[in-house]
Trainee: 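Quick one: structure below, then a few questions.
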Amino acid sequence: MDTTFEQAKQFFLQGLRHYEAGRFAQAQAQFEASLALVPQRASTLTNLGATQIKLGKFADAAAVLDEAVRIDAGDAQAWGHLGTALAELGQHARALACCDEALHRNDKLAPAWTLKGTLLRDLQRDAEAVPCFRKAIDLGGDPQLNGFLLAGVGGGEAPRSAPRPYVQALFDGYAPGFDQHAVQVLQYRAPEILAQGLAARRFDAVLDLGCGTGLMAEQLKGRATRIVGVDLSHNMVEQARRRSAYAEVVQADGLDYLTSTTERFDLVVAADVFIYVGELDATFAAVRNVLGPDGVFAFTVELAEESDRVVLRPSLRFAHSRRYILSLAAEHGFEVMHTARHTIRHDQGKAITGLFAWLVPSRP
């Protein structure tokens, strides 16, 4: 028995090391190996559930974490992770109850306050969400993330862009069912419309910013010699790499990639990406620097009122006015080939209007 327990402990510790290094598939394997030797150990179940959340396996995580809290109902961390898994599964009421269980046991858990605020915002209880995000900040929670979430419920000033960890976590969780949900449920057609606006032109080198699972590349397949995809989300990158449309897919922030690459492109495309960027000055400047003289910069934004310029909406997405986009184009050396208004997607049954733009470098 001692030998078995010691081996299970080693598997568990290896799992923790993999988890801390971001090697979540390996972490899952180690935690499962530990549980095979010593079943129903609450701490192992909790860490396995947390790992499965990172892998986007929310139903599996919820089942494992349900078992963990059944065995040890006093573990606040387990309740918090269970709340996260249930929130991702759309079970907001149960997730909120789990947050309350976690905070009842340890009211100093900043992540639980963040999750509770997020759930209240999703339930359109913004006034109740405000103190949750403030509490998370007071307890040492990520001030950038919680400040962003606070701004989304009217409790603070909007930042210049969405925090990278927020975007990464959002799309890591969204990746497994992204294509079906985006196209069939949200009626998302941005890649198709952007490709149509390029007429029949062919391209040697294409940069797909915020490539996601690769829907844009599918529209350009056969029209581009080389397509490079860039996305912040690890899980999105893994999905995109499974497609045959890309020559290369890089996990990176779009602006970081633009400012570090030595490659030049004759098409830079960003479909439904700038909703998480906000202020676009630096992005426009960087795109202009990597774009060839006959290149095209094609992108979408959610359309704001002309008086708004850039606004953070309650959806936690940024919207930009047409006036702002045109002023950036002129400032950074672009001419407008054309623009168009289309429904970019549907959100909770409501059509979201987008501005589609195709820009080219200004002629001397």
Side-chain angles (χ1 to χ4, degrees), residues 16 19-20 22 24 42-43 46-47 49-51 53-54 58 61-62 65 68-69 72-174 232-233 253 275-279 310-318:
L16 289 179
Y19 183 92
E20 290 166 359
F24 300 120
S43 60
T46 297
N47 281 279
T51 301
I53 288 171
K54 292 292 188 181
F58 304 118
L65 291 160
V69 298
D72 182 5
D75 188 339
Q77 294 277 4
W79 281 110
H81 290 315
L82 179 55
T84 298
L86 293 171
E88 293 289 352
L89 292 169
Q91 299 180 35
H92 290 72
R94 283 192 65 203
L96 190 57
C98 289
C99 282
D100 289 335
E101 291 283 357
L103 292 169
H104 175 69
R105 287 157 177 79
N106 183 356
D107 64 0
K108 300 296 191 292
L109 278 181
W113 284 109
T114 300
L115 178 59
K116 182 173 182 177
T118 301
L119 289 164
L120 289 168
R121 181 191 66 84
D122 291 344
L123 293 167
Q124 299 183 352
R125 293 159 62 179
D126 290 2
E128 295 174 72
V130 168
C132 294
F133 296 130
R134 288 182 174 153
K135 186 73 172 179
I137 294 171
D138 291 343
L139 291 170
D142 185 337
Q144 187 183 25
L145 171 61
N146 285 284
F148 172 69
L149 297 172
L150 186 58
V153 292
E157 184 177 351
R160 291 179 61 86
S161 63
R164 293 180 186 182
Y166 167 79
V167 178
Q168 185 171 0
L170 178 68
F171 284 98
D172 276 349
Y174 198 11
L232 191 59
S233 162
D253 172 76
I275 55 175
Y276 299 108
V277 178
E279 297 287 347
V310 182
V311 61
L312 179 63
R313 289 178 164 167
S315 62
L316 296 178
R317 295 191 294 260
F318 289 95

Trainee: So, for Arg121 and Pro314, which heavy atoms are closest and what is the spacing to 0.1 Å?
Mentor: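 Distance-wise, the nearest heavy atoms are NH1-O, 3.0 Å.
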
Trainee: Taking the side chain as every heavy atom from C-beta outward, state whether Leu316 and Phe148 have any atom pair closer than 4.5 Å.
Mentor: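 Touching, per the 4.5 Å side-chain cut-off.
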
Trainee: Calculate, to the nearest 0.5 Å, the distance between atoms SG and CG belonging to Cys98 and Leu65 respectively.
Mentor: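 CG of Leu65 is found 9.0 Å from SG of Cys98.
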
Trainee: So do the side chains of Leu120 and Cys132 get within less than 4.5 Å of each other, counting heavy atoms only?
Mentor: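 In short, these two side chains touch, coming nearer than 4.5 Å.
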
Trainee: Rounded to the nearest 0.5 Å, how far apart are CG of Leu123 and NE2 of His92?
Mentor: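 Nearest 0.5 Å value for the CG-NE2 distance: 6.0 Å.
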
Trainee: Of all heavy-atom pairs between Gly152 and Leu312, which one has the smallest distance, and what is that distance?
Mentor: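 That would be N-CD2, 4.0 Å.
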
Trainee: When rounded to the nearest 0.5 angstrom, what is the spacing between CG in Asp75 and OG1 in Thr46?
Mentor: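 Taking CG in Asp75 and OG1 in Thr46, the distance rounds to 4.5 Å.
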
Trainee: Which value, rounded to the nearest 0.5 Å, describes the distance between Leu232 atom CG and Tyr276 atom OH?
Mentor: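 Reported to 0.5 Å precision, the distance equals 12.0 Å.
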
Trainee: With side chains defined as the heavy atoms from C-beta onward, is the minimum distance between Phe171 and Val167 less than 4.5 Å?
Mentor: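 In contact.
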
Trainee: Mind checking what makes ring-ring contact (aromatic ring centres under 6.0 Å, His included) contact with Phe24, not counting sequence neighbours?
Mentor: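 With sequence neighbours excluded, Phe24 shows a ring-ring contact (aromatic ring centres under 6.0 Å, His included) to Tyr19, given in chain and number order.
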
Trainee: Sorted by first residue and then second, give each side chain to side chain donor-acceptor pair (under 3.5 Å) pair with at least one member in residues 97-112; sequence neighbours left out.
Mentor: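 Applying side chain to side chain donor-acceptor pair (under 3.5 Å) to every pair that reaches into residues 97-112, excluding sequence neighbours, yields Asp100-Lys116, Glu101-Arg105.
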
Trainee: Can you name the salt bridge (charged side-chain N to carboxylate O under 4.0 Å, His left out) partners of Arg94, sequence neighbours left out?
Mentor: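 With neighbours one apart ignored, the set is Asp66.
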
Trainee: Calculate, to the nearest 0.5 Å, the distance between atoms CG and CG belonging to Asn47 and Leu16 respectively.
Mentor: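 If I round to the nearest 0.5 Å, the distance is 5.0 Å.
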
Trainee: May I have all residue pairs that pass side chain to side chain donor-acceptor pair (under 3.5 Å) and include part of residues 156-167, sequence neighbours excluded?
Mentor: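 Side chain to side chain donor-acceptor pair (under 3.5 Å) check on residues 156-167 returns Arg164-Asp253, Arg164-Asp256.
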
Trainee: Output every pair passing salt bridge (Lys or Arg N to Asp or Glu O under 4.0 Å) with a member in residues 128-152, not counting sequence neighbours, ordered by first then second residue.
Mentor: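 Output for this query lists Arg125-Glu128.
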
Trainee: Out of curiosity, Leu150 CG to Ile137 CD1, how far, rounded to the nearest 0.5 Å?
Mentor: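 Going from CG on Leu150 over to CD1 on Ile137, the span is 5.5 Å.
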
Trainee: Taking the side chain as everything from C-beta on, heavy atoms only, tell me whether Val311 gets closer than 4.5 Å to Phe318.
Mentor: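 Not in contact.
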
Trainee: Please tabulate, for side-chain N and O atoms in residues 76-90, each donor-acceptor pair with protein atoms closer than 3.5 Å (sequence neighbours left out).
Mentor:
from  : atom 1 : to    : atom 2 : distance (Å)
Trp79 : NE1    : Ala73 : O      : 2.8
Thr84 : OG1    : Gly80 : O      : 3.2

